[in-house]
Colleague: 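Pasting a structure below so you can have a look.
Lettering follows sequence order; numbering is per chain, from 1.
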Protein chains: 2
Amino acid sequence: MTRVTIKDVAARAGVSIKTVSRVMNGEAHVRADVRERVMKVVEETGYRPNMFARGLSSARSFLVGAFFDDPASPYASDIQRGALTRCRERGHHLLIEEVDRDAGDWKSTLDTTLRQVRLVGAILTPPICDWPELIDLFDAHGVPVVRIAPALVPERTPLVRVDDRRASAEMTQLLIAAGHRDIAFIKGPPAHGSSNERWRGFCDAMQAAGLTVADHRVLEGDYRYRSGLAAAETLLDTGTPPSAVLASNDEMAFAVLVVAMRHGITVPDRLSVVGFDDMALARMAWPQLTTVHQPNFEVAAAAVDLLIDAAEPQDAAHHRIEVPYTIVKRASVGPAAV
Amino acid sequence: MTRVTIKDVAARAGVSIKTVSRVMNGEAHVRADVRERVMKVVEETGYRPNMFARGLSSARSFLVGAFFDDPASPYASDIQRGALTRCRERGHHLLIEEVDRDAGDWKSTLDTTLRQVRLVGAILTPPICDWPELIDLFDAHGVPVVRIAPALVPERTPLVRVDDRRASAEMTQLLIAAGHRDIAFIKGPPAHGSSNERWRGFCDAMQAAGLTVADHRVLEGDYRYRSGLAAAETLLDTGTPPSAVLASNDEMAFAVLVVAMRHGITVPDRLSVVGFDDMALARMAWPQLTTVHQPNFEVAAAAVDLLIDAAEPQDAAHHRIEVPYTIVKRASVGPAAV
DNA sequence: TTGTACGCGTTATCAA
DNA sequence: TTGATAACGCGTACAA
């Protein structure tokens with residue numbers, strides 16, 4: 001496969017390489033007929049601009065970086081897929097990078113990466129999107145950043161988020177509307193912005209309904225299955241279990257289901273359980289989980305757009321995009337027992 | 001952040017840029033003291049070779065591509081993490097790409113990608129690793145390929161695999177040793193090499209034990225939850241369910257667990273269930289699944305090594321690496337009822 | 001063992 | 001609206 005370069009195209013089209021460049025980059029000031037002639041040659045030859053040459057001669061690398069604490073989590077997968085799809089649609093590529101919080105040298109590792117690769121921009125996901133030093137590093141390298149669902153200083157960078165607080169409140173209202181009064185809540189890890197939002201939304205709704213939240217009905221979890229197991233155990237291994245449990249994510253909600261089953265507590269007859277995220281797991285549970293669908297795919301796509309569009313100087317303003325959630329009603333919620 | 005280039009380093013170290021280049025690439029023919037002097041400047045300045053310049057002037061892009069049918073699957077996540085970790089250890093980066101089987105233009109999309117980015121090599125995962133046209137395209141671009149667990153023409157490219165057949169046989173023997181005779185098998189999709197291997201391993205073990213496999217005990221699945229549900233339903237919704245089920249992956253095994261529960265068939269007392277893969281799901285199931293742990297992380301890391309090492313001319317030979325599996329015994333297997 | 005000069009493929013500058 | 005030419009940062013002949 002002989003590599004066709006901009007020179008070949010220029011020669012065959014009888015124009016200069018700069019003109020070809022203009023056409024490829026959609027710049028103005030090219031006569032329509034010239035543009036067409038060039039495009040024809042491009043199609044014939046299958047010419048594609050070399051990414052490295054582009055990256056070298058301009059700041060535009062066509063490379064978007066996505067940074068994760070744990071790139072193998074289901075959440076990361078969703079985000080990656082959204083970012084990947086949008087990147088491709090816009091002629092970019094996606095570089096996946098891990099920031100290992102347990103590695104003492106994450107800063108120098110990241111620094112190395114940023115020196116080597118001049119990214120169009122970086123997508124920062126929770127919880128690392130809330131590390132100030134991390135953002136400082138990107139700033140120092142002049143790499144634009146978009147954060148997803150940050151908990152801290154929202155004005156610092158453009159961001160994409162979901163209104164978790166409202167979603168949580170709405171879900172709580174759903175439970176209340178079903179007659180539930182004694183509702184337990186399993187928290188997520190404080191390091192995640194979403195975690196606090198979900199907790200506050202729950203409080204909002206309970207308060208609005210004139211219900212009080214008893215301390216022993218609020219458990220600490222960390223979004224992981226095991227923590228959900230532990231929380232559910234303390235909740236259900238008593239004579240007076242709550243009539244409903246709102247877990248801060250599906251993994252923990254799933255754990256509640258498992259513990260309920262072990263204790264012979266049928267869902268949703270004697271206990272209603274709801275989660276957050278709408279992971280594949282929510283549909284595999286039995287009964288299937290009522291949950292809040294997180295539009296991770298769309299969130300990631302929006303983040304990519306923000307990054308690529310920010311490269312255009314006209315709108316260097318900070319942006320803040322909110323993607324709508326949806327509540328997915330399935331089988332894990334029933335009326336409160338009388 | 002002023003960008004430090006090879007020239008700056010050369011100037012500060014009082015050597016030529018070529019010498020710096022030699023040091024950075026670990027080439028021979030540099031006096032030890034000169035090397036040290038250069039390294040010192042490199043550390044002081046934090047100099048890192050620019051990836052684009054490197055990719056442009058040589059064929060070495062330091063970019064490894066990983067190609068997936070579905071980059072958001074748990075399997076893909078595992079592979080990505082393994083590849084990512086090893087890439088970083090070896091000073092490379094990972095580019096994730098999706099090959100959409102349903103998109104009619106996947107070939108031209110891929111062609112574009114390969115023209116734009118000169119990859120060090122590509123990792124091809126199931127099932128796309130078995131599309132001959134796909135491999136042809138990489139060949140045409142001169143991009144080295146390593147396939148993971150291919151089903152077809154193993155001699156065509158270097159590959160990394162797990163002995164699924166033996167693993168499946170071993171798992172079956174485990175069931176037989178527990179006294180099971182009436183064992184059902186849920187197949188995976190034929191497009192995946194692993195699927196056929198697992199089926200053959202099952203047959204191997206059954207035959208070796210002098211047991212016959214009844215047609216109605218063999219169900220077709222596609223590795224997805226829903227298919228497992230359907231298979232389990234036909235298996236268990238009869239008066240004479242089998243005493244054990246071997247599902248070709250955890251997702252389907254999990255479905256068997258769910259259906260068993262619905263039918264009031266307790267596991268492992270009345271039914272033993274085993275899976276394949278050792279996904280997170282296997283530990284979330286109740287009872288927890290006995291399964292074959294797939295070393296996806298190690299497999300991916302090995303693939304990266306193969307790719308990077310193949311860049312060294314001396315061993316252009318085809319390689320074939322086999323990574324060992326392990327059987328994880330958990331709670332879903334019990335002795336056969338008498 | 002070290003250094004010089006050129007080329008990689010593209011974008012950017014500035015003149016035409 | 002176009003084109004000639006200089007960067008961009010590095011690797012590689014080839015020479016010293």
Colleague: Can you check the A/R37 CZ to D/dT2 P distance for me, whole Å?
Modeller: 9 Å
Colleague: Just N and O in the side chain of B/S16: are any of them under 4.0 Å from OP1 or OP2 of C/dT2?
Modeller: no
Colleague: Could you tell me how far apart B/I17 (CD1) and C/dC8 (P) are, to the nearest whole angstrom?
Modeller: 16 Å
Colleague: Quickly work out the A/F52 CZ to C/dG7 C1' distance and round it to whole Å.
Modeller: 17 Å
Colleague: Could you give the NE2-to-C1' distance, from A/H29 to C/dA15, as a whole number of Å?
Modeller: 15 Å
Colleague: Determine the contact category for A/R48: base if any of its heavy atoms lies under 4.0 Å from a base atom, sugar-phosphate if only primed atoms, P, OP1 or OP2 are that close, otherwise nothing.
Modeller: sugar-phosphate
Colleague: Rounded to the nearest angstrom, tell me the gap between atom CD1 in B/I6 and atom P in D/dT12.
Modeller: 11 Å
Colleague: Picking from C/dT11, D/dG9, C/dT2, which would you name as closest to the side chain of B/S57?
Modeller: D/dG9
Colleague: Can you check the A/M51 CE to C/dC8 C1' distance for me, whole Å?
Modeller: 15 Å
Colleague: Return the nearest nucleotide to the side chain of B/T19; candidates are C/dG3, D/dT2, D/dG11.
Modeller: C/dG3
Colleague: Measure from the side-chain N and O atoms of A/R88 to the backbone N and O of B/E98, and report whether any donor-acceptor pair falls under 3.5 Å.
Modeller: yes
Colleague: Has the side chain of B/N25 got a donor or acceptor atom that lies under 3.5 Å from a matching backbone atom of B/E27?
Modeller: no
Colleague: Hey, is the main chain of B/F297 close enough, under 3.5 Å, to the side chain of B/D78 for a donor-acceptor pair?
Modeller: no
Colleague: B/R22 CZ to C/dT4 P: how many Å, rounded?
Modeller: 11 Å
Colleague: So, OP1 or OP2 of C/dT11: does either fall under 4.0 Å of a side-chain N or O from A/N25?
Modeller: yes
Colleague: Rounded to whole angstroms, how far apart are CG on A/L56 and P on C/dG7?
Modeller: 16 Å
Colleague: Would you indicate, yes or no, if D/dT1 has its OP1 or OP2 atom less than 4.0 angstrom from a side-chain nitrogen or oxygen of A/R31?
Modeller: no
Colleague: Tell whether A/K18 reaches the base of D/dA4 with its side chain through a donor-acceptor pair below 3.5 angstrom.
Modeller: no
Colleague: Have a look at B/V20 and say if it touches a base, only the backbone sugar-phosphate, or nothing, with a 4.0 Å heavy-atom cut-off.
Modeller: nothing
Colleague: Can you tell me if A/T19 uses its side chain to pair, donor with acceptor, with the backbone of A/V15 under 3.5 Å?
Modeller: no
Colleague: Taking the basic N atoms (NZ, or NE/NH1/NH2) and the acidic carboxylate oxygens, is any pair closer than 4.0 Å for A/D136 and A/K107?
Modeller: no
